[in-house]
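So the structure is just underneath, and the comments pick up after that.
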Amino acid sequence: HGTIGKTVMIPSQEGVTQGDPLAMICFGIGILPLICQLKIEFPAAKQQWYADDGSVAGTFSTIWAVFEWLQQLGPNYGYFPESSKSILIVSPKNVEQAKAEFANLQFQVETGARYLGSFIGETTERDSWISSKVDTWVQSISKLAGAAHAYPQSAYSALQRSVQQEWQYLQRTTPDIESCFAPLEKTIQREFLPALFGEAVDDGDYRLELAHLPVKYSGMALPNPIKTAKQNHQASKDVCSHLISALKDETAFETAVHTQTMATAKAAIQTSKDCMHQQELKRITDPMQAATKCTILRGQETG
């Protein structure tokens, strides 16, 4: 708050101010010496950090030593680890041993848990967690289908620009989950698109397949989530390949190499997608009558 001749400063009491666009950068710079020192002290521990979310993989003794070091020296860097909020992910056979060895730290011992929007742990628990998220998205799509009768453009925009971005992020970060998205595809095909078109749609209607294509290929940019799961994960691996290699300590991270790797991978992915979409559009339109085919192909230019 400022007045003429007087300024009142309201300081942030702990760390950088939440909501500030520069907060992530400021925090990253501030905590980098701590991360570097950790890697020197514990070279056998596999460590990944994202802002204040730190993770370490290793033996029980290594994990204990890392956390003990963090508790002692972390506050000197403005980092205050809380053991009760930390999750220790172990295989089922090691649960009891983990609870005994980390009892004093009060770690939450689990066989699987969410991490940075993805999941670490047993496959069955991962699939159960994904199914719960898919159920939420199915409910959202059903609600959008109800709104599509009166507000088709708004409902379409909400699904295309918002809701589907959530599951596409999950697909980029989590492998081998194609089958989990069958309920989503079913809801889009049997509830949302018929509501959007304002009429019942048979399973063989070409519009259902056409909707999966990008707008520049006469589609609606609503890709089949079952088919995109594997593609999105592979694309993410290709774009982030240098970063992944550095996290595995297979190479030294270099910003210029990372930037070039991303640009090269993105260009290759886009070329591959364009070829695939063009072939798919041809497959859909070839059996059509000339007038219908002409109308649809014209959509490539008109949107």
Side-chain angles (χ1 to χ4, degrees), residues 9-133 136 166 169-170 172-174 240 243-244 246-249 253:
M9 303 298 293
I10 303 177
S12 173
Q13 294 301 306
E14 181 179 328
V16 293
T17 305
Q18 291 188 6
D20 187 336
L22 296 177
M24 180 73 77
I25 298 173
C26 291
F27 188 89
I29 294 173
I31 204 174
L32 188 58
L34 172 65
I35 297 172
C36 292
Q37 189 61 34
L38 270 172
K39 289 182 176 290
I40 293 173
E41 296 286 343
F42 305 97
K46 295 293 184 182
Q47 302 177 51
Q48 289 83 40
W49 288 77
Y50 182 78
D52 61 341
D53 282 313
S55 66
V56 56
T59 63
F60 285 171
S61 59
T62 298
I63 294 172
W64 180 284
V66 170
F67 195 82
E68 186 178 46
W69 191 92
L70 268 177
Q71 285 184 312
Q72 293 177 358
L73 298 180
N76 295 337
Y77 296 87
Y79 190 82
F80 302 87
E82 297 184 59
S83 59
S84 61
K85 293 183 178 180
S86 299
I87 301 174
L88 181 64
I89 303 172
V90 300
S91 64
K93 64 182 181 180
N94 292 327
V95 170
E96 294 306 319
Q97 181 185 353
K99 288 182 177 179
E101 293 198 22
F102 290 87
N104 292 339
L105 289 177
Q106 298 180 326
F107 275 12
Q108 301 173 44
V109 179
E110 306 285 352
T111 55
R114 180 188 68 84
Y115 182 65
L116 296 179
S118 185
F119 194 89
I120 298 176
E122 295 293 302
T123 301
T124 53
E125 292 194 35
R126 182 203 66 182
D127 290 348
S128 176
W129 175 75
I130 292 176
S131 293
S132 67
K133 297 184 73 66
T136 300
E166 296 181 20
Y169 173 83
L170 179 62
R172 290 196 293 273
T173 59
T174 314
C240 300
L243 180 59
I244 293 170
L247 286 171
K248 292 181 178 180
D249 294 325
F253 178 78

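Side chains included, hydrogens not; waters and symmetry mates left out as well; all remaining heavy atoms used. What you are looking at is a predicted structure, and each value in this text was computed from that prediction instead of being measured.
In this structure Asn94 satisfies the side chain to side chain contact (heavy atoms under 4.5 Å, CB included) test together with Phe60, Val90, Ser91, Gln97, sequence neighbours excluded. Every residue two or more places apart in sequence or in another chain that forms a side chain to side chain contact (heavy atoms under 4.5 Å, CB included) with Ala57 is listed here: Lys46. Legend: residues meeting side chain to side chain contact (heavy atoms under 4.5 Å, CB included) with Leu32, ordered by chain and number and at least two apart, are Cys36.
The distance from atom CD of Glu101 to atom OG of Ser61, rounded to the nearest 0.5 Å, is 8.0 Å. With rounding to the nearest 0.5 angstrom, the CD1 atom of Ile35 is 5.0 Å from the CD1 atom of Ile31. The CZ atom of Phe42 lies 8.0 Å from the CG atom of Leu70; values are rounded to the nearest 0.5 Å. Remark: Gln106 CD to Leu88 CG distance equals 14.0 Å, nearest 0.5 Å. In this structure, CD on Gln48 lies 11.0 Å from CD1 on Ile244, to the nearest 0.5 angstrom. For the atom pair CZ (Arg126) and OG (Ser131), the distance works out to 10.0 Å, reported to the nearest 0.5 Å.
Around CZ of Phe253, the count of heavy atoms belonging to other residues, nucleotides or ligands within 6.0 Å exceeds 12.
Put simply, the side chain of Phe119 does not reach to within 4.5 Å of the side chain of Leu170, judged on heavy atoms. Here the side chains of Thr124 and Asp127 are not in contact, with every heavy-atom distance at 4.5 Å or above. Between Ile87 and Tyr115, the closest side-chain pair of non-hydrogen atoms is not below 4.5 Å.
Residues Gln47 and Lys39 approach most closely at O-NZ, 3.4 Å, considering heavy atoms. Gly58 and Ile63 get closest at one heavy-atom pair: O-CD1, 3.6 Å. Shortest non-hydrogen contact noted between Ser118 and Trp129 is O-CH2, 3.4 Å. The two residues Val66 and Leu38 have their closest heavy-atom pair at CG1-CD2, 4.0 Å. Nearest approach of Thr62 to Ala45, heavy atoms of both residues: CG2-CB, 3.6 Å. Here the closest heavy-atom approach between residue Gly117 and residue Thr173 is recorded as O-OG1, 4.1 Å.
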Stepwise, does the side-chain contact (heavy atoms from CB on, under 4.5 Å) test hold for Gln71 with Leu105?
-> CA-CA 11 Å; Gln71 285 184 312; Leu105 289 177; 3.9 Å; yes

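Between Tyr79 and the choices Trp49, Trp69, Phe67, the ring-ring contact (aromatic ring centres under 6.0 Å, His included) rule is met once, by Trp49.
Side chains of Ser86 and Ser83: no donor on one and acceptor on the other come within 3.5 Å.
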